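We use all heavy atoms of the structure for the numbers below, so side chains are in, but hydrogens, waters and symmetry mates are not. Fair warning: this is a prediction, and the values are worked out from it, not measured in the lab. Convention: sequence-line order gives letters A, B, ...; per-chain numbering from 1.
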Amino acid sequence: MPELPEVEVVRAGLAPAVTGATVISAEVRDPRALKRHLPLGADGLPGDDGLGGHGVRLPFEAGVARAADFERRVTGLVLDAPRRRGKFMWIPVERGAGDESQPGSVPIPLVERGARDESKPDQLALLAHLGMSGQMLLRAHDAPDDRHVRIRLWIEHPAHGELRLDFADQRLFGSLALDRLLPAPDGIDLIPGQALHIARDPLDPAFDDAGFLLALRRRGVGVKKLLLDQTLVSGVGNIYADEALWRARIHPETPGTAIGPRKARELLSALRDVFTQALAEGGTSFDAQYVNVNGQAGYFAHSLNAYGRQGAPCPRCGRPIVRESFMNRGSHFCPKCQQLR
DNA sequence: AAGGCTGCCTGCTTGC
DNA sequence: TGCAAGCAGGCAGCCT
């Protein structure tokens, strides 16, 4: 399942092929992959149709409207270099020449609602979240179909020619969207509105170590839960949370308040190590769920010490790794090395 | 306010 | 063999 290393591998893989490319046409095969896409309202401003958000089934008519809106507004856009925050990835876009001449096109809104500089056009981005099983696949324009392709973009790159950018997603927890870029809370850069609440990741040079350690040690809930909280630190999912906790020898249910400053720093360092190593090995693939933009698996699954290894010996002490149900998911840890005190 | 719970979804695995 | 239930889990919105 895509966490920081996997999303970063995909982002880096997309960069050379999409940067500078123009979207020739778009084809939404399943509007459920547009969960995060908010179509333009009757006033011509991006609004909320009040339908089909997270955890809500998208009504048929709303799906048709969203698909049409997305296809129309994405066509003609010129793609910039892909970026990432946590598990969110986006491609800033610009309107291509001649876009306005499209028959029947409604102008893309140029201003943000409220107190913004109304003379300055809004910057938009093609936002992607891979969810559990999302994939961004770069294919030759005439390549055979992959399974579960939900949205297809035909793009034309000045150097690489015509390509297909296919968003495939078996379980539909992921989605694409056209979103607006807004100043991040710390003012350092522009990020999509839907990712404004996402913290920086531990590999981000601007990550606030002190702030994170303070927040971690102030909260009474279990430390694994805190690691999974994307507003504290981003990019961590179930796999890397278990792996970082194993490396730092911390029981997943240890309250944040029970972690000393040294142990907390050790955990952050473990998180960075596991992310860095996984990134170098191309991410974690168990089955066909996670692949890079060429459909290839990563190798980090072979380097896992705790996740998915219940019953197998702990690489440190030899005691069998246990798996406990926690927050509707599995928690894997060594009962000897990671004791709850 | 912080924390807990729910639903979104498909395909594979397990159980009867 | 066939069907049903269970499981995998990120995220946002709701509730307490």
Sugar-phosphate, base or nothing in reach of A/G330, heavy atoms under 4.0 Å: sugar-phosphate

Non-neighbouring partners of A/R83 that pass side-chain hydrogen bond (donor to acceptor under 3.5 Å, both in side chains), sequence neighbours left out: none

Where protein sits on nucleotides 8-14 of chain B, one letter per nucleotide: B base, S sugar-phosphate only, - none, heavy atoms under 4.0 Å: BBBS---

Phosphate contact (B/dA2 OP1 or OP2) by A/R218 side-chain N/O below 4.0 Å: no

Between C1' of C/dG9 and NZ of A/K224, the distance in whole Å: 10 Å

Pair A/H332-A/D242, side-chain donor/acceptor within less than 3.5 Å: yes

Partners passing salt bridge (Lys or Arg N to Asp or Glu O under 4.0 Å) against A/K336 (at least two apart in sequence or in another chain): none

For A/D204, side-chain hydrogen bond (donor to acceptor under 3.5 Å, both in side chains) partners two or more places apart: A/R200

Residues that A/D209 engages under salt bridge (Lys or Arg N to Asp or Glu O under 4.0 Å), provided they are two or more places apart: A/R272

Separation of atom CD in A/E6 from atom P in C/dG9, rounded to whole Å: 13 Å

For DNA chain C, the residues among residues 303-311 of chain A that have a non-hydrogen atom under 4.0 Å from it: A/Y307

Length of the line joining A/R36:CZ and C/dG10:P, which is rounded to integer Å: 13 Å

Phosphate contact (C/dC11 OP1 or OP2) by A/Q230 side-chain N/O below 4.0 Å: yes

Spacing of A/K225 atom NZ relative to B/dA2 atom P, expressed in whole Å: 13 Å

Side chain of A/H129 - closest among B/dG3, C/dG10, C/dA12: C/dG10

Rounded distance (Å) that lies between atom P of B/dG3 and atom CG of A/L228: 14 Å

side-chain hydrogen bond (donor to acceptor under 3.5 Å, both in side chains) against A/R217, all qualifying residues, sequence neighbours excluded: none

Whole-Å gap separating P (C/dA12) and CZ (A/F88): 5 Å

Candidate list A/E3, A/K224, A/E243, test side chain to side chain donor-acceptor pair (under 3.5 Å), partner A/N238, passing option: A/K224

d(CG, A/D229; P, B/dA2) in whole Å: 11 Å

Qualifying side chain to side chain donor-acceptor pair (under 3.5 Å) pairs with a residue from residues 246-261 of chain A, counting only residues at least two apart or across chains: A/R247-A/Q277

Partners meeting side-chain hydrogen bond (donor to acceptor under 3.5 Å, both in side chains) with A/H37 (sequence neighbours left out): A/D69

Bend angle of the helix from B/dA2-C/dT16 to B/dC16-C/dG2, end axes from five pairs each (to 10°): 60°

Nearest-angstrom distance from the residue atom CD of A/E3 to P of C/dG10: 6 Å

Between A/D169 and A/S133, a side-chain donor and acceptor under 3.5 Å: yes

Partner set under ring pair (Phe, Tyr, Trp, His ring centres under 6.0 Å) for A/F212, not counting sequence neighbours: A/F207

Exercise answer: donor-acceptor pairs, residues 294-309 of chain A side-chain atoms, under 3.5 Å, sequence neighbours excluded:
{"unit_1": "A/Q296", "atom_1": "OE1", "unit_2": "A/N292", "atom_2": "ND2", "d": "3.1"}
{"unit_1": "A/S303", "atom_1": "OG", "unit_2": "A/E281", "atom_2": "OE1", "d": "2.8"}
{"unit_1": "A/R309", "atom_1": "NH1", "unit_2": "A/N305", "atom_2": "O", "d": "2.9"}
{"unit_1": "A/R309", "atom_1": "NH1", "unit_2": "A/P313", "atom_2": "O", "d": "3.1"}
{"unit_1": "A/R309", "atom_1": "NH2", "unit_2": "A/P313", "atom_2": "O", "d": "3.2"}

